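Scroll down for the structure; my scribbles are underneath it.
Here is the naming used below: chain letters follow the sequence lines, and residue numbers restart at 1 for every chain. Because the structure is predicted, anything quoted here is derived from the model rather than measured. Basis for what follows: all heavy atoms, side chains included, without hydrogens, waters or symmetry-related copies.
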Amino acid sequence: MKYDFNQIEEKWQDYWAKNQTFKAENNSEKPKYYVLDMFPYPSGAGLHVGHPLGYIASDIYARYKRHQGFNVLHPQGYDSFGLPAEQYAIQTGQHPAITTAENIKTYRRQLDQIGFSFDWSREVRTSDPKYYKWTQWIFIQLFNSWYNYKSEKAEDISELIKIFEVEGNANVNAACDDTIEFFTALDWNIYDDVKKQEILLQYRLTYLAETEVNWCPALGTVLANDEIVNGVSERGGHPVVRKKMTQWSMRISAYAERLLKGLETIDWTDSLKESQRNWIGKSVGASVTFHVKNHDKVIEVFTTRPDTIFGVSFMTLAPEHELVLQITTPEQKAEVEAYIEATAKRSERDRMADVKTISGAFTGAYVEHPFTKEPIPIWIGDYVLAGYGTGAVMSVPCGDQRDYDFAKHFDIDISNIFEGVDISEEAFADKEKTIIANSDFLNGLSHKEATKKVIQELEKLGQGQGKTNYRLRDAVFSRQRYWGEPFPVYYVDGMPQMIDAKYLPIELPEVEKYLPTETGEPPLGNATKWAWCTETNTVVDNDKIDNKTVFPLELNTMPGWAGSSQYFNRYMDPHNDQEIFSKEAIDYWQQVDLYIGGSEHATGHLLYSRFWQKFMFDKGYVNHDEFAKKLINQGMILGTSAFVCKITDFALTYGEDIKIKDDAIEISLEELEIRNDVVKKLESRFSNTFISFDFLEETFNEQFKRFPLFIRAKEVEPLKNIFLKEGFDENITLTVNPYHVDIQFLKVVKEGANFKYTDELVVDKFKNWRQEYEKSELISDINGVFKVFRDVEKMSKSKYNVVNPDQICEDYGADSLRLYEMFLGPLEQYKPWNTAGITGVHSFLKKLWKLYIGENGLNVTDTEPTKDSLKTLHKTIKKVKEDIENFSFNTSVSTFMIAVNELTAQKCTSKDILEPLLVLISPYAPHIAEELWSKLGHNESISTAPFPKFEEKYLVESSKNYPISFNGKMRFTLELPLDMSKEDIEKTVLENEKTQEQLQGRTPKKVIVVPGKIVNIVG
RNA sequence: GCUGAAGUGGUGGAAUUGGUAGACACGUUGGACUUAAAAUCCAAUGGCCAUUAUGGCCGUGCGGGUUCAAGUCCCGCCUUCAGUACCA
């Protein structure tokens, strides 16, 4: 009987579905265990081989825990709101809900064919109104809460109102906007309703405020900091600019300290915790107030080194600092304004890319030193960021490299306050260890002592106090997009009001088009009919009323992370339409025991989820203020792509149209008009039409007046328009890198380069392409014109390097895929996908099958197991158990191979060996395990069979093959009884003729005997 | 720059507390079976030298050190990957 994996796998997948084998009960006698995967975004490209890596690992763990007798919750769902579906909708008019549903169908089919033990009865989809009802509900809870630093938790906003009514806000220590003004109870009680609401908004955990946001023009929306990578949007790589907009924000900064402290209580990877720590960015120091001379103004700075206050040579303000224009003297006005204008023009990205250039301007104004009362000049400089601290720094050039560079550049006096440090040297000594000098009352003190002392003194003067600053900013929560959760919000007199929770969900209305309205409102502004709210909190349809006051609704939608910030709790009770989850459900499941997912979510999803969890904890909805006890990051499986570049020949041939420069090709603007011609010529030159050109407008480099890119022939016109629109003159040069090559050509490359499973290998590498190709591996040189490089990078549709698991499941089966993905290497490691080794695990499965099923049927008998077989079995049990518990899945696959090889060699047929072996293998290769299990006569699924017990006694040996080494080098081995004494071992070894041969008559200086381990003879 | 992780055969990767480096696979070579191929099975496979056999030398990024013994521990470098970055 052959191992017919296709038939077997289909059979058991049907069986599991039909019998709901993996359905988790909320009531059970068994202990619970909650294994969670990060749910996928169902993209149009379908599942690729990288997705299942983490899912397979968690599935093995979940199945293992079932064998251990746990009631396992192992759910799956979809993070189904998001940009790509909407971008697709804009292009095609197809409703995102439809494409999303289609994609989910594909994902489900692909997930099912791998044989995961998910409890699909608990599936959630973030775009399902039944689900996002609760996302909206949480939003309302956040709106109705404030953060009390005294109790260190979120409290109901009604408590705050009570305090205001009785004593005003002077004694309130809350997370709130810095612009808050003090008022008394008297004031509060006479404020009108709008004023009261305005004030409360400054305290709410989600609030509406005008903030500087990251605006992405190409996507038409704002983005959170973690959605921007290297200054461009994470999705699509579009440029991002700073812009002031009225936006919903989440007051995550209130939780900064708890988010930081909480990291100590959870078993997450160190690198991930470190990322979160950096992101939160706690720094302890002091805030110091400086009085501006001849002005009734103060400048507040934050510093981590208040002890260096006597070293302050100048102040530096961010160019955007609000006081700059007020304090600038008439003489300096022109210079300062010019500088401000120049920095405003530079994009954030330029500013980031160019940290070396020192620039700034003197305002002409001075502050007074708090102790010496000396005047200190005030400068502005773009190395000071408006968004961090107060946007102002006290500059201590003898202590800080940047301040030093700035002072040198502008020739500002540098005073030295460090003992024994030569400030003419650019490399500074470790300042934390240096004694303070030239600093009045701080002289002779260490960093620590001086810091303490100076804060005391500043407090006496009323000009400062100790302060802790966090880098973590509040998270912008509005998106000007269609495909997201609508806010349960309407406006009265411009103030936001919550729609009563009983009307939830506020469903996403239909729109004609998914673009902003003509008046520039978000896409929801196009909706003509949707549930909305009147004054009396009655939800009615827009078109059913008239003559009544109509209140505007919130037209923004929530960001992608809204739906994923509590989904792990919703799985506990996913069909509950009365509550987000019942108390019984959360009391039973508590929190996620094991969470597996990618580290790319370190500062996004994983931070926001922790924040919401802490909020839910404060409100008493959950029992733990961390949602996941343990978290493992699976590494990414990378795709192989090829790209082609450098066409020297082409430039020479077409030298009249195109010039070569720095290995790139330049085309002047006039030549753009004949570009179509050029392309035609090129196409005939390289007959197979494989050249096309591509460009991206946003990569225009202003500094060099270049597009470091490729041009696609048909897109010449739009490019030219952009060019002229931007007002660049006609002599501008385009730098063209013509390596975007078409599929036809790559098929040739592919055959030559012997790729497997990669049908399309085109990559757009518009960023740093020279570096990229220099780094990559040259795999082919075609006619000396094209060079083909192979590179390994993240799988993505746009790189044409996606490998999906379907073909592998068909050719080798899901069990092979599961084993192979585990066998590739350690779970956490990044690794390129390469199918070369899959035959290894596949033939292992065939050998396993043959061990049980011979030519004439079942090979398994009731014979007594041999000693050797028992030893093989028990050493396998031990190793596999340890491996699973250490998440070292790759080594258990080897262990299985060894076990099967040994048992085959032993011709083992004993049921007592082969039956437990199946349970060991079943988490890894569940289909074949189920099939063989049933062939052994079981009517029940193997999935709850108890995990075999390891017994030491079968491994006990009577002798050991000792390695005998001379000066640490192993020469030969010697079989000796394990109960032999140290002395006897030494004696036996020394008497051995091989030892004598090695010693050649010399007397050993020393003999080391480690019983059970090794013998080392030192000569 | 800072933080974190990692460097082991032709390849992916093994190696508990320091104790036989290269498990298990892939690939390669040779052989068996076959008209042939596939599949399957057997053998060899870190490098160099030597060989009738026994062998010998070198080997875990580089340079030192500790130790009877170092891939593993310590010090100093180099490289790669990832994250982060005028954070005051």
Next on the checklist: Classify A:Asn961 by what it touches in the nucleic acid, base, sugar-phosphate, or nothing, heavy-atom distance under 4.0 Å.
Outcome noted: base

Checklist entry - In Watson-Crick or G-U wobble terms, both distances under 3.5 Å, what is the partner of B:G71? => result none

Checklist outcome for this item: Taking a pair to mean Watson-Crick or G-U wobble geometry with both distances below 3.5 Å, B:A25 pairs with B:U11

Item to check | Sugar-phosphate, base or nothing in reach of A:Tyr962, heavy atoms under 4.0 Å | outcome: nothing

Item to check | Check: A:Glu828 main-chain N/O paired with A:Asn633 side-chain donor or acceptor under 3.5 Å | outcome: no

Checklist outcome for this item: Closest to the 5' end of RNA chain B, once A:Thr304 and A:Val841 are matched to their nearest nucleotides, is A:Val841

Checklist entry - Under 3.5 Å, is there a donor-acceptor pair linking the side chains of A:Thr603 and A:Ser275? => result no

Item to check | Opposite nucleotide pairing with B:U3, Watson-Crick or G-U, both atom distances under 3.5 Å | outcome: B:A82

Checklist entry - Any idea which of B:A23, B:A14, B:C86 is nearest the A:Ser894 side chain? => result B:A23

Checklist entry - In the structure shown, which nucleotide is the Watson-Crick or G-U wobble counterpart of B:U52, with both distances under 3.5 Å? => result none

Checklist entry - Taking the six-membered ring for Trp, are A:Phe896 and A:Tyr924 ring centroids under 6.0 Å apart? => result yes

Item to check | Residue matched to B:C77 through Watson-Crick or wobble contacts both under 3.5 angstrom | outcome: B:G61

Next on the checklist: Please classify the nucleic acid contact of A:Gln829 as base, sugar-phosphate, or nothing, using heavy-atom distances under 4.0 Å.
Outcome noted: sugar-phosphate

Write down the protein N/O and nucleotide N/O pairs, taken from nucleotides 52-63 of chain B, whose separation is under 3.5 Å; answer none if there are no such pairs.
| unit_1 | atom_1 | unit_2 | atom_2 | d |
| --- | --- | --- | --- | --- |
| B:C57 | OP2 | A:Arg971 | NH1 | 3.3 |
| B:C57 | OP2 | A:Arg971 | NH2 | 3.4 |

Give me, pair by pair, the N or O atoms of the protein and of nucleotides 64-72 of chain B that are less than 3.5 Å apart, along with how far apart they are.
| unit_1 | atom_1 | unit_2 | atom_2 | d |
| --- | --- | --- | --- | --- |
| B:C68 | O2' | A:Asn1016 | ND2 | 3.0 |
| B:C68 | O2 | A:Asn1016 | ND2 | 2.8 |

Next on the checklist: To the nearest 0.5 Å, what is the distance between CD on A:Glu882 and CZ on A:Phe950?
Outcome noted: 8.0 Å

Checklist entry - Using the benzene-type ring in the case of Trp, are the ring centres of A:Tyr3 and A:Phe5 under 6.0 Å apart? => result yes

Checklist entry - Considering residues, nucleotides and ligands other than A:Asp270, do more than 12 of their heavy atoms fall under 6.0 Å from its CG? => result no

Next on the checklist: Angle between ring planes, A:Phe966 versus A:Phe972, binned at 30° and 60°: parallel, tilted or perpendicular?
Outcome noted: tilted

Checklist entry - B:U16 pairs with which nucleotide, Watson-Crick or G-U wobble, both distances below 3.5 Å? => result none

Checklist outcome for this item: Side-chain atoms of A:Arg471 come closest, of B:A85, B:G83, B:U40, to B:A85

Checklist entry - So, A:Phe406 versus A:Phe314, ring centres under 6.0 angstrom or not? => result yes

Checklist entry - What nucleotide, of B:G19, B:G4, B:U16, holds the atom closest to the side chain of A:Glu882? => result B:U16

Next on the checklist: Quick check for you: among B:A88, B:C24, B:C26, whose closest atom lies nearest to any side-chain atom of A:Thr303?
Outcome noted: B:A88

Checklist entry - With both distances under 3.5 Å as the test, what is the Watson-Crick or G-U wobble partner of B:A88? => result none

Next on the checklist: What I'd like to find out is whether the side chain of A:Pro370 reaches to under 4.5 Å of the side chain of A:Ile309, using heavy atoms alone.
Outcome noted: yes

Checklist entry - Among the nucleotides B:A15, B:U20, B:U40, which one has an atom lying closest to any side-chain atom of A:Thr973? => result B:U20

Look for any protein N or O under 3.5 Å of an N or O in nucleotides 42-48 of chain B and output each such pair with its distance, or none.
none

Checklist entry - RNA chain B: A:Ser271 or A:Lys1013, which has the more 5' nearest nucleotide? => result A:Ser271

Next on the checklist: For B:C24, does the base pair up with any side-chain atom of A:Asn901 as donor and acceptor (N or O, under 3.5 Å, distance only)?
Outcome noted: no

Item to check | Test item: A:Thr269 and A:Leu272 side chains (from C-beta on) under 4.5 Å apart, heavy atoms | outcome: yes

Next on the checklist: Checking A:Val989 against A:Val1007 for the side chain to side chain contact (heavy atoms under 4.5 Å, CB included) test, could you report, in this order, the C-alpha distance in whole Å, the side-chain angles of both residues, the deciding distance, and whether it holds?
Outcome noted: CA-CA 10 Å; A:Val989 169; A:Val1007 180; 6.0 Å; no

Next on the checklist: For a quick check of understanding: with a heavy-atom distance under 4.0 Å over all strands, which category does A:Lys282 fall into, base, sugar-phosphate or nothing?
Outcome noted: nothing

Checklist outcome for this item: Of the listed B:U3, B:C24, B:C26, the closest approach to the A:Glu274 side chain comes from B:U3

Item to check | Near-ring test A:Tyr820/A:His842, centroid separation under 6.0 angstrom | outcome: no

Next on the checklist: Which nucleotide wins on minimum distance to the side chain of A:Ser843, given the candidates B:C26, B:C87, B:C41?
Outcome noted: B:C26

Checklist outcome for this item: Checking N1-N3 plus N6-O4 or O6-N4 for Watson-Crick, or N1-O2 and O6-N3 for wobble, each under 3.5 Å, the partner of B:U35 is none

Next on the checklist: Categorize A:Asn469 for me: base, sugar-phosphate, or nothing, with a 4.0 angstrom heavy-atom threshold over every strand shown.
Outcome noted: nothing

Checklist entry - Are side-chain heavy atoms of A:Phe844 and A:Val893 found at a separation under 4.5 Å? => result no

Item to check | A:Trp279 side chain, from C-beta outward: closest of B:A25, B:U84, B:G27 | outcome: B:U84

